[in-house]
Amino acid sequence: MTAGTSSRCGSIAAMLILGLTGCDAADQLSAYTPAVVHPVVVPAADYEFPVEWAGDYTFQWSAAAGIDLSDTEAAVVRAFAESMQLARSVGARLAYPGYADAIPDGQGLRVPDGGAYPPGAALGDWEQRWSGTFRARIMEIRPAATGFTAAYCVDDTDVAGSNDAGATFVWRQDRLGEPPRGIPMSLSVRSVTGTDHTDQPAGERGTIGPYRAPKFNVFEGWIIAEVQRQSARTDEGLAVIEGCTAWTQANAHVNPAYLPDTPRRVPATPPPESAPPTPGWGSDPADDGG
């Protein structure tokens, strides 16, 4: 044993104050290190939003005239948008119940356990977190032969991001010196059975409630066929983009990174607090005996 090794092992023993000598302390160090409790896939009724691994953030939704946020189609749109965001931090399998089974292949949605940052992250070493409140708005829902299409907009202006597991947060700033535009998305959803099953009374399946995440599979009976950022190549797409921008810029914001002459990477110290989710989620009445 070298002198350097002897010194290192002796220091570990002294730090543990366990009466251990030599390298026995190093061998037993792991026995006194608390294990990291990783999130795991659980029954839908037991699902909890993984704040520790994703960050303390919420979604507040609104909708265009004629769209009820508690209706089945709107609930699927809300659950998809929230799950897609959550999957970036923890992976698709650990997002909302049913999300991983409903999303298509080949569209970048199958984020592995551990999230999207750092690349190749595994259980326990992912580092992406969010803090604050995402505003989102369902712009339109249109029935289709075996499902529906939808357009929605996400205003992430007042959400701060962290790439060091929540040690520090930075305000979002998409384009230096330009106002926020929002993120316009389009969604195509198909019924698994090929029939219309959207005639349930509003809220019957717990699509609204006090929880930050649903405690049932919102996607049951549905498949997400296609997802893309809204395109301006059609008049309909351009109208959604313009509407998303107008709505986003009309929102009141607290993010200082969009003020004139603000430098890049504005620290969010402290990070923004999350507002209560709107309309929030409930549990499946079948699980509650209802």
Side-chain angles (χ1 to χ4, degrees), residues 39-90 92-103 129-141 147-148 150 152-156 158-159 185 187 189 191-192 197-224 251 272-290:
V40 295
V41 176
V42 298
D46 297 329
Y47 187 82
E48 298 285 347
F49 188 90
V51 172
E52 179 183 359
W53 300 97
D56 184 6
Y57 72 84
T58 54
F59 271 75
Q60 290 194 327
W61 285 89
S62 63
I67 299 176
D68 188 334
L69 289 174
S70 67
D71 282 348
T72 302
E73 304 100 316
V76 172
V77 175
R78 289 164 43 212
F80 172 80
E82 295 181 21
S83 292
M84 184 171 67
Q85 181 66 41
L86 179 57
R88 293 179 58 186
S89 292
V90 301
R93 207 172 61 96
L94 297 172
Y96 291 179
Y99 173 74
D101 297 322
I103 56 177
R129 306 286 191 275
W130 306 96
S131 184
T133 299
F134 290 88
R135 296 184 182 91
R137 183 172 179 82
I138 301 180
M139 314 288 286
E140 61 181 34
I141 293 179
F148 63 91
Y152 67 92
C153 174
V154 177
D155 176 5
D156 59 0
D158 288 342
V159 177
M185 300 292 297
L187 197 62
V189 184
S191 167
V192 171
H197 61 160
T198 64
D199 56 352
Q200 297 170 331
E204 180 180 319
R205 297 195 57 221
T207 57
I208 57 175
Y211 302 115
R212 195 181 307 213
K215 292 181 175 291
F216 68 102
N217 181 1
V218 185
F219 303 97
E220 183 177 358
W222 299 102
I223 291 293
I224 308 300
N251 290 331
E273 296 183 358
S274 61
T278 304
W281 296 97
S283 56
D284 192 333
D287 296 328
D288 298 333

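All values below were derived from every heavy atom in this structure, side-chain atoms included, with hydrogens, water molecules and symmetry-related copies excluded. Treat the numbers as computed from the prediction; the structure is a model and nothing was measured.
No side-chain heavy atom of Tyr57 sits less than 4.5 Å from a side-chain heavy atom of Arg129. Inter-residue side-chain proximity for Leu187 and Glu73 is flagged as unmet; no heavy-atom pair is nearer than 4.5 Å. In this structure, Ile103 and Phe219 have side chains that are not in contact, with every pair of non-hydrogen atoms separated by 4.5 Å or more.
Between Ala100 and Arg93 the shortest heavy-atom distance is CB-CA, 4.0 Å. Between Ser62 and Leu69, the shortest heavy-atom distance links the atoms O-CD2, 3.9 Å. Across all their heavy atoms, Ala95 and Ser83 have their closest contact at CB-O, 3.8 Å. Minimum heavy-atom separation, Asp68 to Ala74: O-CB, 3.3 Å. Shown here for Thr207 and Ser70, the closest heavy-atom pair between the two residues is OG1-O, 2.7 Å. Nearest heavy atom pair, residue Gly132 against residue Ser274, reads O-CB, 3.5 Å.
Between the side chain of Tyr47 and the main chain of Val41, no donor-acceptor pair closer than 3.5 Å is present. Of the possible donor and acceptor atoms, none in the side chain of Ser191 sits under 3.5 Å from a partner among the backbone N and O of Gly147.
For Glu48, the salt bridge (charged side-chain N to carboxylate O under 4.0 Å, His left out) partners two or more places apart in sequence, or in a different chain, are Lys215.
Note: Trp53 CH2 to Leu86 CG = 13.5 Å, rounded to the nearest 0.5 Å. Atoms CZ and CH2, from Arg88 and Trp130 in turn, are 4.5 Å apart once rounded to the nearest 0.5 Å. With values rounded to the nearest 0.5 angstrom, Asp158 atom CG is found 10.5 Å from Phe134 atom CZ. In this structure, CD1 on Ile67 lies 10.5 Å from CH2 on Trp61, to the nearest 0.5 angstrom. If you take CZ on Phe80 and CE on Met185, they are separated by 6.0 Å, rounding to the nearest 0.5 Å. One finds the OH atom of Tyr96 at 9.0 Å from the CZ atom of Arg78 (value rounded to the nearest 0.5 Å).
Checked against the 6.0 Å centroid criterion, the rings of Trp281 and Phe59 do not qualify as a close aromatic pair.
Side chains of Thr58 and Arg212: a donor-acceptor N/O pair is absent below 3.5 angstrom, by distance only.
Under the 4.0 Å criterion applied to side-chain N and carboxylate O atoms, Arg137 and Asp155 are not assigned as salt-bridge partners.
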